[in-house]
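All remarks here apply to the structure that follows.
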There are 2 protein chains.
Amino acid sequence: MNDVKLSTGLPETVTFQLGTLGALIAERFANEIAVYALKPKHVGLLTALIHAGAASQQELAAKLMVAPSLVVSLADHLEQLEAISRVRDPGDRRRQILKLTDEGARLLTRCENIARTIDDDLLGPLPGRQRTALRHALKALAAQKGLPITSSRKDAT
Amino acid sequence: MNDVKLSTGLPETVTFQLGTLGALIAERFANEIAVYALKPKHVGLLTALIHAGAASQQELAAKLMVAPSLVVSLADHLEQLEAISRVRDPGDRRRQILKLTDEGARLLTRCENIARTIDDDLLGPLPGRQRTALRHALKALAAQKGLPITSSRKDAT
DNA sequence: TGCTAGCATTCACAACGTGAACGATGTCAA
DNA sequence: TTGACATCGTTCACGTTGTGAATGCTAGCA
């Protein structure tokens with residue numbers, strides 16, 4: 001009853017490793033972009049915008065897989081930072097059209113640099129072959145999953 | 001000013017992919033273990049216990065990287081499920097010693113099966129070479145990072 | 001015996017996100 | 001045109017998750 005033999009292999013699963021590593025990295029990323037008064041979800045929104053060019057809040061909510069009400073507060077904040085502009089759609093005055101500003105593009109580039117630095121820190125110690133293999137596999141998985149524009153959060157459970 | 005050229009490569013970074021995929025997987029895992037009235041952190045605690053054999057709540061808090069007060073509620077819940085036993089350390093009556101019960105081991109095994117299923121779903125579509133490469137690379141990263149016993153959370157930003 | 005430290009616990013609180021309700025606008029049929 | 005209904009953005013109340021400070025025991029040491 002006391003000494004359990006079955007050493008659960010849970011930490012050996014990709015599910016576990018991916019979840020844990022993802023959380024660790026996401027936390028670090030979140031900490032570093034905090035300098036720009038941004039949180040991961042903001043970066044997600046900016047990224048969605050740079051790809052779409054411009055979009056309504058509803059469309060963004062769908063892309064980010066969050067409630068429309070959350071997009072409101074994200075957009076509020078980004079507008080305050082002058083990272084996006086928010087104008088009524090002349091064709092449908094219910095819709096707010098969000099657009100990346102130059103400042104937004106600048107911010108996004110800075111976040112990208114942070115991400116690349118983290119990439120290097122993370123992959124650096126890995127042997128070259130493993131590094132490229134990981135890149136390819138992750139890319140494939142991301143593509144396969146549709147890769148919602150979302151940056152992942154910080155907790156790790 | 002309007003058409004931005006620089007297509008940010010953020011989604012191309014490992015940081016982004018790992019964070020996003022990790023969040024997606026963690027969410028799925030969380031949903032599936034909910035059947036057993038467990039959350040990822042509970043699994044983290046059980047996993048820590050099966051490796052340590054037995055531990056005080058403080059030790060577990062350190063391993064899980066969470067506040068001791070959180071361990072209290074996790075342990076409360078697991079105790080209610082009879083997944084762990086909680087007894088005062090006779091040698092130091094301030095400490096509560098947590099131990100995995102048979103039921104706890106059973107639960108953990110079920111969670112492990114869930115994780116393996118998710119692994120298969122995830123890696124299945126990948127070509128064989130990439131699959132093993134990913135496994136190796138993740139294992140290396142996990143080892144390098146110390147792999148805290150923690151299952152990752154659900155948000156994805 | 002008294003002081004100080006450590007452990008578990010409780011409690012108030014902050015952060016994050018959701019879903020329901022609401023007002024403004026658009027659409028379509030009568 | 002008018003009226004019914006849907007859609008968009010916004011606000012608000014709420015649930016969840018986790019933290020940090022305060023508290024009560026218990027240990028250990030002078």
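All of these numbers come straight from a predicted model, not from anything done at the bench. Proteins get letters first, then strands, A, B, ... in listed order; numbering begins at 1 in each.
Taking atom CG on A/L45 and atom P on D/dG9, their separation rounds to 12 Å, with Å as the unit. Atom CD1 of B/I97 is separated from atom P of C/dG6 by 17 Å (rounded to the nearest Å). The distance between atom CD of A/E27 and atom C1' of C/dC16, rounded to the nearest whole Å, is 15 Å. Separating the CD atom of B/Q58 from the P atom of C/dA5 is a distance of 16 Å, rounded to the nearest angstrom. One can place CD of B/Q57 at 18 Å from P of C/dG6, the figure rounded to the nearest angstrom. Separating the CE atom of A/M65 from the P atom of C/dG19 is a distance of 13 Å, rounded to the nearest angstrom. Nucleotide D/dT16 holds its C1' atom 14 Å from the CG atom of B/N31, rounded to whole Å.
Other residues, nucleotides and ligands contribute over 12 non-hydrogen atoms within 6.0 Å of the NE2 atom of B/H77. Within 6.0 Å of atom CD in A/E82, 12 or fewer heavy atoms from other residues, nucleotides or ligands are found, so the atom counts as exposed in its surroundings. The number of heavy-atom neighbours closer than 6.0 Å to CZ of A/R129, taken from other residues, nucleotides and ligands shown, is 12 or below.
A donor-acceptor contact under 3.5 angstrom links the side chains of A/D119 and B/T15, judged on distance only. At a cut-off of 3.5 Å, with distance as the only test, a side-chain donor of A/Q57 or A/R86 sits close to an acceptor on the other residue.
At least one donor-acceptor pair under 3.5 Å links the side chain of B/R88 to the backbone N or O of B/R93.
For the pair B/L70 and A/S69, both in contact range of DNA chain C, the more 5′-proximal nearest nucleotide belongs to B/L70. Taking the nucleotide of DNA chain C with the nearest heavy atom to each of B/D76 and A/A67, the more 5' of the two is matched to B/D76.
Within residues 82-96 of chain B, the residues having any heavy atom closer than 4.0 Å to DNA chain D are, in order of number, B/D92, B/R93, B/R94.
For the OP1/OP2 pair of C/dC16 and a distance below 4.0 Å, the side-chain nitrogens and oxygens of A/K39 include at least one atom meeting the criterion.
Taking each heavy atom of B/P40 and B/I33 in turn, the nearest pair found is N-CD1, 3.5 Å.
Among the atoms of the strands shown, only primed sugar atoms or phosphate atoms (P, OP1, OP2) are found under 4.0 Å from some heavy atom of A/S56.
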